[in-house]
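Starting from 1, each residue takes its place in the sequence as its number. Just follow the structure's listing: the first ligand is 1, and inside any ligand the first atom is 1. Below, each value reflects all heavy atoms present in this structure, side chains not excepted, and no hydrogens, waters or symmetry copies.
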Amino acid sequence: MNFNLTNFSTAATNQDETHVKVLILGTGPAGLSAALYAARAELEPVVLAGMEHGGQVSLTYAVENYPGFPEGVGGTKLVELFQKQAERFGATLEYDTATEVDLSNRPFRVRTYNKIYLADTLIISTGATPRHLDIPGEKELTGRGVSYCATCDGWFFKDKDVFVVGGGDSAVEEGLFLTRFARSVTIVHRRDELRAGAVLQKRAMENPKIHFLWNMVLTKINGTEAVKSVQARNIQTGEESQLPIDGVFIFIGHTPNTEIFDGKLEMEEGGYLVTDKLMRTSVPGVFAAGEAADPHYRQVVTSAGMGAAAAIQANHFLDEVAEEEVKDELEAAHS
Ligand code: NAP
């Protein structure tokens, strides 16, 4: 496969250039675990927080399946602890975002809003963004009753009726969270069985506030200042109906945040970065971890593990490069 590795021009900018051994993109569980491991290897990593510090887990009310927290832990709290631990060993977090990368030569050039980084190795842990339904009214009413984050917006639906679209873990988990506020939560799913895990399913089925609309898809969201109703279609009968509702929460999966690597790194369908078992991407010295490279597990624990592995491999890569350089110098001295 041919990749377009075109240099971006730096001639016209006055931006500072900062040389780092390890540059990590993203501060979710993958990025901050990579930062911890790279820092403990004394590589003084710099971590760019990107547009959403902490990634998706920071918007999660409670994480109940990350080992070491038998009572569960808040998503924001967990990110705070990850960050504190990485910083304790010398990682530096910058509230900045990578906007352009040049991977054609090492050090890699990464342009951000504030400067240009010259990175000996790069760890991409840019995570993923919630997928949209792409139906009329969705975009217009986002923030006015349409939401992709129960933790952020649940409070606005106190004693109201809401729909939750999707049948996976996210939909059910967020639906359960919404029962704290809403009068009723109806999970609208396009099939007649949930994809979510057994524990979450059982909790949802037993919760008196949760109802289900099976084999149903939304085709339009209606309202001007706020959501008033939705149009829905039963995919078995084809029957269309208009259903009054106060809010629509959408949890139908994610798209990886990998656009800036388009044409520069090998990707699989859907934009997920291709890595081998050692977290290596198609460019030597560039590693990827977490949801940007993981369409399968997408768990805090797996992302953290991938981040740690990527940092270990970045360290090995730098050792190998240093060894090569010494060998070349010796050869040159003897020739
Ligand atoms: P997911 O597992 O991919 O589920 C997406 C759901 O949305 C599916 O039920 C799918 O229906 C439905 N869907 C997709 N496109 C749709 C469309 N255009 N219209 C209507 N429905 C649509 O995504 P997720 O729930 O965000 O979970 C992602 C990963 O994170 C999973 O691996 C999950 O296990 C993990 N996760 C784990 C936890 C936890 O362990 N507590 C919490 C959250 C997420 P179909 O079922 O018909 O495909």
Side-chain angles (χ1 to χ4, degrees), residues 28-30 52 54-75 78-79 127-139 146-152 154 163-178 185-205 207 210 212-221 230-236 243 245 248-257 268-272 289-306:
E52 201 177 90
Q56 293 176 73
V57 69
S58 64
L59 302 175
T60 305
Y61 177 72
V63 180
E64 294 185 328
N65 51 8
Y66 190 74
F69 296 90
E71 306 304 325
V73 57
L78 188 59
V79 167
T129 302
R131 206 180 283 154
H132 295 182
L133 284 171
D134 293 326
I135 55 172
E138 181 183 16
K139 200 166 164 197
V146 173
S147 171
Y148 305 87
C149 176
T151 314
C152 318
F163 281 164
V164 165
V165 182
D169 283 328
S170 299
V172 175
E173 194 169 73
E174 303 290 320
L176 281 162
F177 176 74
L178 285 168
V185 174
T186 303
I187 295 180
V188 183
H189 187 32
R190 63 183 179 183
R191 293 189 291 133
D192 61 0
E193 61 177 344
L194 296 171
R195 180 182 290 279
V199 173
L200 283 173
Q201 283 206 33
K202 186 165 182 286
R203 264 192 226 163
M205 302 286 178
N207 190 311
I210 294 199
F212 295 90
L213 273 178
W214 303 111
N215 301 312
M216 200 72 110
V217 291
L218 302 193
T219 53
K220 191 173 176 212
I221 304 174
V230 297
Q231 261 153 257
R233 188 176 67 244
N234 183 310
I235 57 167
Q236 284 187 335
L243 310 165
I245 200 72
V248 180
F249 285 79
I250 299 165
F251 303 106
I252 58 164
H254 299 90
T255 306
N257 301 322
E268 59 182 78
E269 214 185 301
Y272 289 95
E291 276 201 43
D294 169 27
H296 303 293
Y297 301 113
R298 294 143 132 194
Q299 302 294 300
V300 179
V301 66
T302 50
S303 289
M306 290 168 84

Taking [atom] as the reference point, the nearest protein heavy atom with its distance:
atom                    : answer
atom 47 (O) of ligand 1 : Arg191 NE, 2.7 Å
atom 37 (C) of ligand 1 : Gln299 NE2, 3.2 Å
atom 5 (C) of ligand 1  : Ile252 C, 3.7 Å
atom 42 (C) of ligand 1 : Glu173 OE1, 3.4 Å
atom 9 (O) of ligand 1  : Gly167 N, 3.0 Å

Out of [options], whose heavy atom sits nearest [atom]?
atom                    : options                       : answer
atom 2 (O) of ligand 1  : Arg190, Arg195, Glu291, Gln56 : Arg195
atom 24 (P) of ligand 1 : Ser170, Ala62, Gly168         : Ser170
atom 33 (C) of ligand 1 : Val63, Asp169, Asp134         : Asp169

Taking distance alone, with no angle check, do Arg131 and ligand 1 share an N/O pair under 3.5 Å?
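By distance alone, the answer is no.
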
Before signing off on this row, confirm whether Val165 and ligand 1 have an N or O atom pair separated by under 3.5 Å.
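So ligand 1 has no N or O lying under 3.5 Å from an N or O of Val165.
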
Measure the CD-OH distance between Glu291 and Tyr272 for me, rounded to the nearest 0.5 Å.
6.5 Å

Quick one: pull up NE2 in His189 and CE in Met216 and give me the separation to the nearest 0.5 Å.
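The NE2 atom of His189 sits 13.0 Å away from the CE atom of Met216.
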
What atoms in ligand 1 come closer than 4.0 Å to a heavy atom of [X]?
X      : answer
Tyr297 : 32 (O)
His296 : 32 (O)
Phe251 : 7 (O)
His254 : 26 (O)

Is the contact between [X] and ligand 1 made by the side chain, the backbone, both, or neither, using heavy atoms and a 4.0 Å cut-off?
X      : answer
Leu133 : side chain
Arg298 : both
Asn65  : side chain

Work out whether the distance between some heavy atom of Glu64 and some atom of ligand 1 is less than 4.0 Å.
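No, that is not the case, since the closest heavy atom of the residue is not under 4.0 Å from the ligand.
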
Are any of the side-chain heavy atoms of Arg298 and Asp169 separated by less than 4.5 Å?
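The answer is no; the side chains never approach within 4.5 Å.
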
